[in-house]
Amino acid sequence: MASPTVSFEHSYAHELPGLYTPWQGQQWPKPQLVLLNERLAQALGLDPAALTSVEGVAMLSGHAMPDTARPLAMAYAGHQFGGFSAQLGDGRAILVGEVIDPQGKRWDLHLKGSGQTPFARGGDGRAVLGPVLREYMISEAMAALGVPTTRALAACTTGERILRQRGLEPGAVLARVAASHLRVGTFQFLAARGDNQLLQRLADYAISRHDPDLTEAPHRYLKLLARVSARQAQTVAHWMGIGFVHGVMNTDNTTISGETIDYGPCAFMERYDPQTCFSSIDHQGRYAYGNQPAIIFWNLARLAETLLPLINTDEDRAIEGALQVIKEAQTFYRAAWLQVFTRKLGLNRPDAALIEEMHQLWQGQGVDFTSFFRALPAALGGDEAPLRALFDDDAAVGDWLAGYRALASNATPELVARNNPVYIPRNQLVEEALQAASFQDDMEPFRRLLALVQAPFTHVDSAEAYARPAPHDAPQIVTYCGT
Ligand code: AMP
Ligand code: MG
């Protein structure tokens, strides 16, 4: 391609040979831009006009790369639903290169749905528009809600039509940006092969990218484990505070950066129920809302195992150190979780009893999680009716509210309103938006919902329907994986 639209760096390619295969994206019948995240492009120092040019769209869809790109498919392993696969890798994705933003921060530009790679394991290498738009929508909502996450830069269609569960769908590619694509599974890939030398390079690379202050630190690999654990604990605490259910918390979908990644069958819990699970393939509810904290520590333990040979040549001492780090991260998680709800309630300091009683209060009551917090300001001001109306049986609400008021003496209704979203990507609305985009060529419902969830704390008068809980008899949404 003639004019490069973006200049890239390639630290991953330079520093970690053995962890990727150089690979080009597929050429498509008709690559077309569907959405460009202009605000994100600008924050990255990229010129939106260059990205919407023919060359820009070719790059964002994987159709043709500028000379500055050095695309590759990353290798990784991972535990999927508890079972280990020594070789997963980017089966339908490529890393284009790294962008340095105006602040000097490094970001991966990664394409998902860019065609089969040597890691495709029989998969078709494709993505279709519905799931690409789901990732776009949910990751934008997460970013706006303050949750560490990969970001959607663009969505393109390819001109192909691909057969999936719901019929023929437009082929699509998501261009996404991440602080890195290092996963727990990346470490597992090398540990499974016993390649301790490359494993150490990977750990040093992770440190240079995410924890450069540890570069010269004593016990740096143990400290890396502590940092990753703290970031992941914080991220999952955020999830719990907004009702997010990731759906596929496999170790290959758990990042070193702490960013939420690989939005597949993810969705937001509406009626509170810790068993909430949307994924069509998660029959045991392994990745249900209430299991997410336990699972993240299971995944971090898998990371710890890979790091043992770097932590200490004496395995017993390495294990002892790693166990201590994980234990501390669990304590940190508990504090982070309490802090998330402390903030939502507008309290000055955490009150574990009040927060736990609130969760008990919701149990079996069909309470819309997001609406509960939106009804709190009125309740604080004396109007309890909207809050009580959310419960099947509101008998216990009064006692809890009395306790809350006593502790929240300096919480104003405005403060509580500010700390709780009006708009989340509600399941029925997301479904309708994706249906319209995929099967009626109509992006309007998607754009409307996207605009709301990108400013989730801002009430919009004309958007009342978007804040409303699903009707009580609404069927549970089922979401699909890797489609
Ligand atoms: P995911 O569940 O999307 O995180 O994907 C798990 C693994 O399956 C990763 O290695 C993906 O690259 C791979 N994968 C998922 N869907 C496809 C597909 N359609 N073609 C090739 N590989 C895929
Ligand atoms: Mg994945």
Side-chain angles (χ1 to χ4, degrees), residues 35-44 93 95 98-99 101 103 105-112 127 131-155 174-186 209-210 227-269 278 287 289 292-293 295-296 299-300 333 336-337 340 343 370 421 423-426 430 449-457 479 481:
L35 284 166
L36 177 69
N37 192 337
E38 287 197 22
R39 260 188 296 179
L40 178 61
Q42 268 149 2
L44 292 167
L95 175 69
E98 298 142 21
V99 177
D101 76 12
Q103 276 73 48
K105 197 166 156 33
R106 182 178 299 268
W107 299 97
D108 281 3
L109 174 62
H110 187 91
L111 309 180
K112 185 164 169 179
V132 161
L133 291 180
R134 174 183 289 276
E135 174 155 351
Y136 197 118
M137 172 84 73
I138 310 277
S139 61
E140 277 303 285
M142 296 284 273
L145 290 163
V147 186
T149 178
T150 62
R151 297 291 302 273
L153 177 64
L174 180 75
R176 72 177 177 196
V177 170
S180 85
H181 281 79
L182 302 179
R183 307 155 187 266
V184 169
T186 319
R209 250 182 115 162
H210 300 298
R227 293 284 180 87
V228 177
S229 302
R231 286 193 285 266
Q232 283 293 346
Q234 183 65 65
T235 295
V236 173
H238 271 299
W239 294 358
M240 301 306 279
I242 52 175
F244 175 74
V245 183
H246 182 285
V248 225
M249 288 178 73
N250 294 333
T251 56
D252 53 303
N253 294 338
T254 301
T255 56
I256 299 306
S257 68
E259 290 171 322
T260 311
I261 199 171
D262 276 1
Y263 292 85
C266 62
F268 281 71
M269 172 178 73
F278 301 99
Y287 298 140
Y289 171 79
Q292 296 183 125
I295 291 291
I296 201 62
N299 291 354
L300 290 166
Y333 170 77
W337 180 81
V340 160
R343 188 159 187 281
T370 303
Y423 305 110
I424 54 160
R426 289 186 177 274
V430 172
L449 182 57
L450 180 67
L452 292 169
V453 302
Q454 282 176 327
F457 301 98
T479 54
C481 209

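Sequence positions, counted from 1, serve as the residue numbers for this chain. Given the structure is predicted, the values throughout are model-derived calculations rather than measurements.
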Any chance you could measure [X], atom [atom1], to [Y], atom [atom2], to the nearest 0.5 Å?
X    : Y    : atom1 : atom2 : value
L174 : H110 : CG    : NE2   : 9.0 Å
L153 : W107 : CG    : CH2   : 12.0 Å
Q454 : L449 : CD    : CG    : 10.0 Å
R231 : Q234 : CZ    : CD    : 12.0 Å
L40  : E38  : CG    : CD    : 11.0 Å
L35  : L450 : CG    : CG    : 7.0 Å

Is there a side-chain contact between [X] and [Y] in this structure, where contact means two heavy atoms from C-beta onward sitting under 4.5 Å apart?
X    : Y    : value
F244 : V147 : no
K112 : V132 : no
T255 : Q232 : yes
P293 : Y333 : yes
F268 : M142 : yes
P265 : V248 : yes
W337 : V236 : no
R227 : H210 : no

Quiz item: Do we see a donor-acceptor contact under 3.5 Å between the side chains of T149 and Y263?
Solution: yes
Identify the two heavy atoms, one from [X] and one from [Y], that lie closest to each other, and give their separation to 0.1 Å.
X    : Y    : value
M249 : T254 : O-OG1, 4.4 Å
A179 : K105 : CB-NZ, 4.1 Å
E259 : T150 : CB-N, 4.0 Å
A267 : T479 : CB-CG2, 4.4 Å
A152 : N37  : O-ND2, 2.8 Å
A43  : D101 : O-CB, 3.8 Å

Quiz item: Within a reach of under 6.0 Å around CZ of R343, are more than 12 heavy atoms found that belong to other residues, nucleotides or ligands?
Solution: no
Exercise. I would like to know whether I424 and I242 meet side-chain contact (heavy atoms from CB on, under 4.5 Å); could you show each step before the answer?
Key: CA-CA 8 Å; I424 54 160; I242 52 175; 5.6 Å; no
Under a 3.5 Å distance rule, please check whether [X] uses its side chain to pair with a backbone N or O of [Y] as donor and acceptor.
X    : Y    : value
Y289 : M240 : yes
H246 : I261 : yes
R106 : S180 : no
N253 : D262 : no

Quiz item: Could you walk me through whether R426 and T370 pass the side-chain contact (heavy atoms from CB on, under 4.5 Å) check?
Solution: CA-CA 10 Å; R426 289 186 177 274; T370 303; 3.7 Å; yes
Exercise. Please name the residue in the list T186, L300, N299, I295 that meets the side chain to side chain contact (heavy atoms under 4.5 Å, CB included) test with T251.
Key: N299
Quiz item: Would R176 and R151 satisfy side-chain contact (heavy atoms from CB on, under 4.5 Å), going step by step from the backbone distance to the final call?
Solution: CA-CA 5 Å; R176 72 177 177 196; R151 297 291 302 273; over 6 Å; no
